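Below: one structure, written as structure tokens.
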Amino acid sequence: MSRKGVEKKRAGRAANTVILILALAVMAFALYKLIPILMDYKQAADNYTELAQEYVDTADVDGQVEEGYDWAGVQIDFDSLKAVNPDVVGWIRFDDTDAVNVDYPILHAADNDTYLYRDMLGERHSSGSIFLEAMNAPDFSDYYNILYGHNMKNGSMFGTLKKYNRDENFYDANQYFTIYTEQGAFRYQIFSYENVADDSEIYTVGYAPDEQYQALIDQMVSGSMKDTGIVPTNQDRIVTLSTCSSSDTIRFVVHGVCIDQKLYGQ
């Protein structure tokens with residue numbers, strides 16, 4: 001090989017070495033950014049897992065199917081929860097917590113920012129908390145309530161709700177969730193899920209059981225990605241679960257209508 005050829009080969013090796021070093025540097029930087037995020041996800045998930053284990057008794061209902069599901073058998077220790085944080089106003093739980101990973105306390109504050117990036121223990125996490133719209137009554141006495149939760153990539157918080165959007169058959173096996181409060185347990189059936197603008201009327205609360213409320217319900221039904229065959233009336237109580245989507249101005253929402261309740265002491 002000529003001297004010129006040797007020098008060209010050396011230059012090629014040097015260029016490859018530089019490219020390799022740059023690639024490794026990019027990977028190292030990516031890991032440097034990613035590892036704290038993953039650690040944050042894990043810490044938040046661990047916190048909520050411990051809360052569920054400590055304050056929720058599901059011994060009487062785990063493993064049961066819908067036909068025989070004793071949904072009112074779940075026991076929540078609200079006295080202990082509120083001793084940790086008095087902003088706890090409820091607990092939301094889907095029947096199959098493996099398929100729909102929603103099993104969390106519900107927080108309520110004077111604004112919608114307090115628990116956006118803060119968990120029940122007051123620790124800052126990107127996943128935040130599941131929280132009730134600030135303008136809603138904390139005892140869920142309103143006809144229409146909104147719960148917010150982040151669409152986390154690891155499936156925590158409201159991250160698994162996107163399964164309804166991606167697979168219409170998912171709804172058939174996961175139609176029900178329950179909200180537990182100090183006053184009682186309230187059973188909901190999902191009747192609609194849709195993408196909405198972040199300034200949609202969906203985010204207005206304070207409805208009375210009148211024509212305006214019925215118009216909102218009809219809008220939810222007509223906008224649903226799946227025709228569930230369920231059409232609530234303005235006498236029904238509804239909860240919307242809201243989470244973000246890939247667009248900054250679009251939200252994915254799941255609407256549930258209360259189909260049963262068990263008030264404590266009755």
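Keep in mind that this is a model prediction, so the values were computed, not measured. Throughout, numbering of the chain's residues begins at 1 and tracks the sequence.
Residue Arg93 comes nearest to Val74 through the heavy atom pair NH1-CG2, 4.3 Å, listed as atom of the first residue, atom of the second, then distance. When every heavy atom of Ser224 is checked against every heavy atom of Ser192, the shortest pair comes out as CB-OG, 3.3 Å. Of all heavy-atom pairs spanning Ser141 and Asp139, the tightest one is OG-OD1, 2.7 Å. The minimum heavy-atom distance between Tyr203 and Asp198, with the atom names listed, is CD1-O, 3.7 Å. In terms of heavy atoms, Tyr213 sits closest to Tyr143 at OH-O, 3.1 Å. When all heavy atoms of Ile250 and Ser245 are compared, the pair lying nearest together is O-OG, 2.8 Å.
Here the CE atom belonging to Met135 is positioned 9.0 Å from the NE2 atom belonging to His108, to the nearest 0.5 angstrom. In this structure, CG in Asp77 is found 8.5 Å from CD in Glu54, a value given to the nearest 0.5 Å. Between the CG atom in Leu81 and the CD1 atom in Ile76 there is a gap of 7.5 Å [rounded to 0.5 Å]. Atom CG of Asn85 is separated from atom CZ of Arg118 by 10.5 Å, given to the nearest 0.5 angstrom. Interatomic distance, CG of Asp103 versus CG of Asn101, reported as 8.0 Å (0.5 Å rounding). One finds the NE2 atom of His125 at 11.0 Å from the OG atom of Ser156 (value rounded to the nearest 0.5 Å).
A donor-acceptor contact shorter than 3.5 Å links the side chain of Asn136 to the backbone of Ile146. Here the side chain of Thr243 pairs a donor or acceptor atom with the backbone of Gly149 at under 3.5 angstrom. At least one donor-acceptor pair under 3.5 Å links the side chain of Tyr104 to the backbone N or O of Met157. The backbone N or O of Ile190 sits nowhere less than 3.5 Å from a side-chain atom of His255 that would complete a donor-acceptor pair. A donor-acceptor distance shorter than 3.5 angstrom exists from the side chain of Arg237 to the backbone of Asp142, with no hydrogens or angles considered.
Taking the charged nitrogens against the carboxylate oxygens, Lys226 and Asp167 have no contact shorter than 4.0 Å, which rules out a salt bridge.
The closest side-chain heavy-atom distance from Asp95 to Arg187 is below 4.5 Å. The shortest side-chain heavy-atom distance between Asn195 and Met225 falls under the 4.5 Å cut-off. No side-chain heavy atom of Val239 sits less than 4.5 Å from a side-chain heavy atom of Ile92. At a threshold of 4.5 Å between non-hydrogen side-chain atoms, the residues Leu263 and Phe186 count as touching. Considering only heavy atoms from C-beta on, Tyr115 comes within 4.5 Å of Asp87 through its side chain. With a 4.5 Å cut-off on side-chain heavy atoms, Leu216 and Ile202 count as touching. Contact check for Gln175 versus Thr228: no side-chain heavy atoms found under the 4.5 Å cut-off. A 4.5 Å side-chain heavy-atom check between Thr233 and Pro209 finds every atom pair outside the cut-off.
If you check the side chains of Gln183 and Thr181, you find a donor sitting under 3.5 Å from an acceptor. A donor atom on one side chain and an acceptor atom on the other are found under 3.5 Å apart for Asn112 and Glu133. Between the side chains of Thr204 and Tyr144, no donor-acceptor pair of N or O atoms lies under 3.5 Å.
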>> Please determine whether side-chain contact (heavy atoms from CB on, under 4.5 Å) holds for the pair Val100 and Lys163, giving the CA-CA distance in whole Å, both sets of side-chain angles, and the decisive distance to 0.1 Å.
In response: CA-CA 8 Å; Val100 187; Lys163 292 183 180 180; over 6 Å; no

> Asn165 and Phe170: side-chain contact (heavy atoms from CB on, under 4.5 Å), yes or no, with the steps?
Replying inline: CA-CA 9 Å; Asn165 187 0; Phe170 186 78; over 6 Å; no

> For Thr160 and Val102, what are the C-alpha separation, side-chain angles and deciding distance, and is it a side-chain contact (heavy atoms from CB on, under 4.5 Å)?
Replying inline: CA-CA 8 Å; Thr160 52; Val102 175; 4.2 Å; yes

> Would Val84 and Leu121 count as a side-chain contact (heavy atoms from CB on, under 4.5 Å) if you check the C-alpha gap in whole Å, the side-chain angles of each, and the deciding distance to 0.1 Å?
Replying inline: CA-CA 7 Å; Val84 175; Leu121 303 176; 3.8 Å; yes

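Within 6.0 Å of the CD atom in Glu211, the count of heavy atoms belonging to other residues, nucleotides or ligands does not exceed 12.
Applying the ring pair (Phe, Tyr, Trp, His ring centres under 6.0 Å) test between His150 and each of Tyr117, Phe158, Phe131, Phe252 identifies Tyr117 as the sole match. For the pairing with Tyr188, the ring pair (Phe, Tyr, Trp, His ring centres under 6.0 Å) check across Tyr176, Tyr180, Phe177, Phe94 returns one residue only, Phe177.
Tyr193 and Tyr164 have tilted rings, their planes meeting at an angle from 30° to 60° on a 0 to 90° scale.
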